[in-house]
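Working notes for the structure below.
The figures that follow rest on heavy atoms only: side chains count, while hydrogens, waters and symmetry mates do not.
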Amino acid sequence: MMETGEDIVIVGAGIAGLTTSLGLHRLGIRSLVLESSDGLRVTGFAFTTWTNAWRALDAVGLGDSLRQHHQRLYGNVTSSTISGHQTSDTSFEAKGKRAGEHEIRCVQRKLLLESLAKELPIGTIRYSSKVVSIEESGFYKLLHLADGTILKTKVLIGCDGVNSVVSKWLGLKKAAFTGRCAIRGCVDFKQRHGFGPKLMQFHGKGFRSGFIPCDDQTVYWAFTWTPSGKENDEIEDNPAEMKRLVLSKLEKVPDEIRAIIEDTDLEGIILSPLMYRHPWELLWGNISKGNVCVAGDALHPMTPDIGQGGCAALEDGVVLARCLANALLKEQPSEKTKEKAEREREEYKRIEMGLKNYAKERRWRSIDLITTAYMVGFIQEGESSVTNFIRDKILAAYLGGFLLKKSDFDCGKLSISNSE
């Protein structure tokens with residue numbers, strides 16, 4: 001079954017895919033978003049939205065509505081479970097050089113995705129639509145779906161996760177496993193939880209944990225470590241064992257922190273491997289090729305150690321929408337008098353250049369974030385006395401400011417350039 005007439009197809013209704021689609025919609029350009037699952041992908045519960053994420057959310061017109069549901073965080077307190085002492089207390093009340101006053105909150109993923117989807121025209125997202133192969137067809141791409149449907153599109157954008165079919169088509173390798181895993185949870189206390197507006201982190205021998213209030217009643221938490229083979233076998237698909245393991249590792253944290261884990265329902269606990277892309281792949285690999293590109297986790301899967309995975313996906317969406325709009329909305333008057341084949345060729349060249357501009361903007365930013373996150377995670381979860389000393393005596397004093405520095409980034413507005 002053949003369908004035609006889709007100018008832009010986005011594969012994956014995650015953060016990057018929906019932000020790109022909404023950005024295009026704000027600029028008057030329609031897109032179709034294909035999602036392989038039967039609903040929005042809300043796995044992960046929540047994520048820290050740093051200053052750069054709020055600049056992107058403001059660009060697509062969602063910042064103010066999301067601020068109403070998530071409390072602002074004013075600092076980061078880090079403690080060692082080895083010494084039992086606080087190792088740093090960093091204020092977030094600072095002003096960056098590029099993005100202005102810093103703003104940090106913990107946004108619930110489900111609410112973010114629902115807010116993005118709600119702003120899109122009805123029919124933009126097509127669920128249960130899995131892409132199984134991609135075929136060239138002149139200046140177009142043909143997408144073969146699992147149900148036999150074939151979609152013809154002028155632009156193909158892959159936002160379909162760490163092992164994306166689109167990134168594979170571009171020649172990018174599958175995301176690599178770091179050897180580390182994360183157990184994440186979210187608890188709704190149904191009443192005021194009493195925690196202050198700060199990010200609370202705890203480091204131990206070979207693990208890191210963080211506890212972040214989303215609002216007055218909800219707290220998101222995450223625990224990352226390198227599991228042994230035995231631990232993997234014991235906790236796989238077993239939330240009760242996941243909770244037991246986390247509590248056993250966090251013996252020396254305050255009782256009110258342990259209570260967050262204890263009060264988390266089993267259905268509110270998940271385990272996931274931590275994946276990343278080797279940064280050198282983005283040095284030499286294709287972020288875009290012709291009328292195809294990738295964004296979000298399909299572009300830059302990274303570890304959560306600097307809290308920039310979802311934030312970078314929001315940046316991608318704004319930059320990509322702007323670059324595509326510059327390409328698609330700038331048809332020269334002389335092109336209208338040309339034959340169809342020549343018009344298609346000219347449009348293809350403009351799309352190709354637009355995606356190259358997007359790749360140029362995102363390449364070094366992605367490499368920087370992937371590399372930094374990996375190295376910070378390596379030091380934070382070190383088990384040797386040397387790495388523990390570096391973490392607790394040297395890195396702890398600078399990490400809060402370092403996180404602010406990485407978030408001091410403004411992806412810009414959605415406005416179209418007037419330059420030729």
Side-chain angles (χ1 to χ4, degrees), residues 1-44 60-62 109-170 288 290-299 310 313-314 316-318 320-325 327-328 347 351 354-355 358 414:
M1 180 172 60
M2 172 75 81
E3 294 188 18
T4 59
E6 300 298 343
D7 285 350
I8 301 174
V9 172
I10 299 169
V11 184
I15 294 173
L18 294 184
T19 305
T20 303
S21 184
L22 180 55
L24 290 167
H25 172 60
R26 298 289 196 223
L27 293 168
I29 300 173
R30 182 184 181 278
S31 62
L32 175 66
V33 181
L34 302 179
E35 172 53 47
S36 60
S37 62
D38 57 4
L40 291 173
R41 293 180 283 149
V42 297
T43 302
V60 295
L62 279 185
R109 182 181 173 92
K110 183 174 185 289
L111 184 56
L112 170 61
L113 293 180
E114 288 176 346
S115 298
L116 287 165
K118 185 179 178 181
E119 294 293 312
L120 294 171
I122 295 173
T124 297
I125 307 173
R126 187 177 300 179
Y127 296 105
S128 301
S129 300
K130 183 178 181 179
V131 177
V132 293
S133 65
I134 303 167
E135 180 184 352
E136 298 267 10
S137 179
F139 299 115
Y140 297 84
K141 294 294 180 289
L142 299 181
L143 308 183
H144 296 259
L145 307 189
D147 64 1
T149 300
I150 301 174
L151 290 175
K152 185 178 182 181
T153 182
K154 294 179 181 179
V155 184
L156 173 60
I157 302 168
C159 302
D160 44 340
V162 294
N163 293 318
S164 156
V165 64
V166 182
S167 61
K168 182 180 179 181
W169 186 89
L170 286 172
S288 72
N291 56 354
V292 180
C293 74
V294 284
D297 280 348
L299 168 60
L314 288 165
D316 291 342
V318 173
L320 181 50
R322 181 173 63 237
C323 289
L324 263 180
L328 291 171
E347 184 177 49
I351 291 170
L355 296 186
Y358 158 75
L414 280 174

N/O donor-acceptor pair under 3.5 Å between [X] side chain and [Y] backbone:
X	Y	result
Ser129	Tyr127	yes
Tyr358	Val294	yes
Arg109	Arg41	yes
Ser31	Val9	no
Thr20	Ala16	yes
Asp160	Gly12	no

Measuring from atom [atom1] of [X] to atom [atom2] of [Y], what distance do you get when rounded to the nearest 0.5 angstrom?
X	Y	atom1	atom2	value
Leu116	Thr124	CG	OG1	12.0 Å
Leu143	Ile134	CG	CD1	6.0 Å
Arg126	Ser36	CZ	OG	14.0 Å
Ser128	Asp147	OG	CG	9.0 Å
Leu24	Leu414	CG	CG	8.5 Å
Ser21	Ile29	OG	CD1	11.0 Å

Please list, chain by chain and in numerical order, all residues satisfying salt bridge (charged side-chain N to carboxylate O under 4.0 Å, His left out) with Glu135, sequence neighbours excluded.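 For Glu135 there are no salt bridge (charged side-chain N to carboxylate O under 4.0 Å, His left out) partners, ignoring immediate neighbours.
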Looking at residues at least two apart in the chain, or sitting in another chain, which of them share a salt bridge (charged side-chain N to carboxylate O under 4.0 Å, His left out) with Lys141?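 Only Glu136 meet the salt bridge (charged side-chain N to carboxylate O under 4.0 Å, His left out) criterion with Lys141.
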Provide the closest heavy-atom pair for [X] versus [Y] in the form atom of the first, atom of the second, distance.
X	Y	answer
Leu32	Gly123	CD1-O, 3.9 Å
Gly39	Ser37	O-OG, 2.7 Å
Leu355	Asn291	CD1-C, 3.5 Å
Val318	Thr19	N-CG2, 4.2 Å
Cys159	Ala298	CA-CB, 4.3 Å
Cys323	Gly354	CB-O, 3.4 Å

Result of checking Val166, Leu320, Leu156 against Cys293 for side-chain contact (heavy atoms from CB on, under 4.5 Å):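 With Cys293 as partner, Val166, Leu320, Leu156 yield a single side-chain contact (heavy atoms from CB on, under 4.5 Å), made by Leu320.
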Is there side-chain contact between [X] and [Y], with heavy atoms separated by less than 4.5 Å?
X	Y	value
Pro121	His25	yes
Ile351	Leu328	yes
Val131	Leu34	yes
Leu145	Val132	no
Ile125	Leu18	yes
Leu22	Leu62	yes

